[in-house]
Novice: 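Let me begin by handing over the structure; questions about it come next.
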Amino acid sequence: MQRERMTPDQQAEYQAALQSALDAGAQVLKEGGSALDAVKAAITPMEDDPRFNAGRGSVFTWEGANEMDAALMDGATRKAGAVTGVRTIRHPILLADAVMQDGRHVFLSGLGAEEFANGAGLDRAGPDWFATPRRKDALERLKAEQLSALDVDYKYGTVGAVVRDSHGNLAAGTSTGGLTGKRWGRIGDAPIIGAGTYADNRSCAVSATGAGEYFIRVGVAQEICTRLRLSEDPVSNAQTIADDVMAEVKGLGGTGGVILVTPTGQTIYSFNTQGMYRGRANSDGLNEVAIFKD
Ligand code: ASP
């Protein structure tokens, strides 16, 4: 993500989209709602927004489909739900929620996940809903110019939210179309509990974006939570721990970032890219959205 590649208008559009997602999550909390509900409220509008790589606007697979991944985790109970490779679910984060609520399984894939969704009463959509011209263009350029998924524009745009509610409970959710040109049923980090998504009231809630393969190998989300849980001074060390784990990702060659929230309500970002769409708000009046590092 580079400043030179974004016009001021595009930046303003992304900032407005981030602000409304943030507002939707904050509203749930203001009304005394749960962290899980706030995560879903923040993520679903971004899944509907074609600017982000989740739900509508998801990137294309090599074969030209939009296949989405999502996960949701409850820090209070460590219950979790996740789905991968779904094609007809308008809000994959809500299917992840349904898997979690059902409780029999944690992670469903492809046609099985779609079949499970039939009984969950969720909004469905056809391929035209998810497909957007600029993501199609990214696939075409990736093929024509033999670019890697990380070299086509707009590569990131996975959406996620981490929340601490007024009861002190934490939750994390992530939703994505994955990487442009993915094939062979490739699964990224986003729906893998412990890699791209993790929440535990004892330590933190984390959601990640970036080159998923590296996040899986490092086990980023759980690694951050575990280091925090075992830290003697988690409040002072939270930023350093997140930065250290992201440095490991970078050391292996991976780019991306994380958002996290801690039991005391610290809101932390760490990323090794030039920018990351992000925002944070709390009941003390903090309310900000940002794109680039500075
Ligand atoms: N982490 C996602 C994946 O690897 C992609 C992204 O965050 O842009 O599927």
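Each residue takes its place number in the sequence, starting with 1. As the structure lists them, so they are numbered: ligands from 1, and atoms in each ligand from 1. Heavy-atom basis, side chains included; hydrogens, waters and symmetry copies ignored.
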Novice: Just jot down the ligand 1 atoms closer than 4.0 angstrom to any heavy atom of Asp189, in number order.
Specialist: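 Those of ligand 1 that fall under 4.0 Å from Asp189 are 1 (N), 2 (C), 3 (C), 4 (O).
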Novice: So, is Thr176 polar-close to ligand 1, with some N/O to N/O distance under 3.5 Å?
Specialist: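 Among all N and O atoms of Thr176, none is under 3.5 Å from an N or O of ligand 1.
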Novice: Geometry only, no angles: is Asn53 polar-contacting ligand 1 at N/O separations under 3.5 Å?
Specialist: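 There is no such contact.
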Novice: Backbone or side chain, does any N or O of Gly157 fall under 3.5 Å from an N or O of ligand 1?
Specialist: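 Min N/O separation from ligand 1 is not below 3.5 Å for Gly157.
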Novice: Can the positive tip of Lys143 be found less than 6.0 Å from the middle of the six-membered ring of Trp62, inside 45° of the ring normal?
Specialist: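 Yes.
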Novice: List every atom of ligand 1 that sits less than 4.0 Å from any heavy atom of Thr209, numbering the atoms from 1 in the order shown and giving each element.
Specialist: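 Near Thr209, meaning under 4.0 Å from one of its heavy atoms, ligand 1 has 6 (C), 7 (O), 8 (O).
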Novice: Heavy atom to atom 2 (C) of ligand 1, shortest distance: which of Gly212, Ala190, Gly210 holds it?
Specialist: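 Looking at heavy atoms only, Gly210 sits closest to atom 2 (C) of ligand 1.
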Novice: Checking the N or O distance criterion of under 3.5 Å, is ligand 1 in contact with Glu213?
Specialist: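 No: no nitrogen or oxygen of Glu213 is under 3.5 Å from one in ligand 1.
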Novice: When only distance counts, is Gly188 in polar contact with ligand 1, meaning an N/O pair under 3.5 Å?
Specialist: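 No, since none of the N or O atoms of Gly188 sits under 3.5 Å from an N or O of ligand 1.
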Novice: I want to check a possible cation-pi pair here: Arg135 against Phe60, using under 6.0 Å from ring centre and within 45° of the ring axis as the test.
Specialist: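 No, a cation-pi geometry is absent between Arg135 and Phe60.
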Novice: Does Arg186 come within less than 4.0 angstrom of ligand 1, counting non-hydrogen atoms of the residue?
Specialist: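 Flag set, Arg186 near ligand 1.
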Novice: With sequence neighbours left out, write down each residue that passes salt bridge (charged side-chain N to carboxylate O under 4.0 Å, His left out) with Glu13, or none if nothing qualifies.
Specialist: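 Once residues adjacent in sequence are excluded, the partners of Glu13 under the salt bridge (charged side-chain N to carboxylate O under 4.0 Å, His left out) criterion are Arg51.
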Novice: Any salt bridge linking Glu288 with Arg280? Criterion: basic side-chain nitrogen under 4.0 Å from a carboxylate oxygen.
Specialist: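 Counted as a salt bridge, because a side-chain N and a carboxylate O are separated by less than 4.0 Å.
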Novice: Between Phe292 and Gln11, is a side-chain contact (heavy atoms from CB on, under 4.5 Å) present by the stated rule, with each step listed?
Specialist: CA-CA 10 Å; Phe292 300 103; Gln11 291 182 35; 3.7 Å; yes
Novice: What's the separation between atom CG in Leu139 and atom CZ in Arg134, rounded to the nearest 0.5 Å?
Specialist: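 That separation rounds to 14.5 Å.
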Novice: Atoms of ligand 1 less than 4.0 Å from Gly178 heavy atoms?
Specialist: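 Result: 5 (C), 9 (O).
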Novice: When the side chains of residues 27-34 are checked against the rest of the protein, which donor-acceptor pairs come out under 3.5 Å, sequence neighbours left out?
Specialist:
| residue | atom | partner | partner atom | Å |
| --- | --- | --- | --- | --- |
| Gln27 | NE2 | Glu31 | OE2 | 2.7 |
| Ser34 | OG | Asp37 | N | 3.1 |

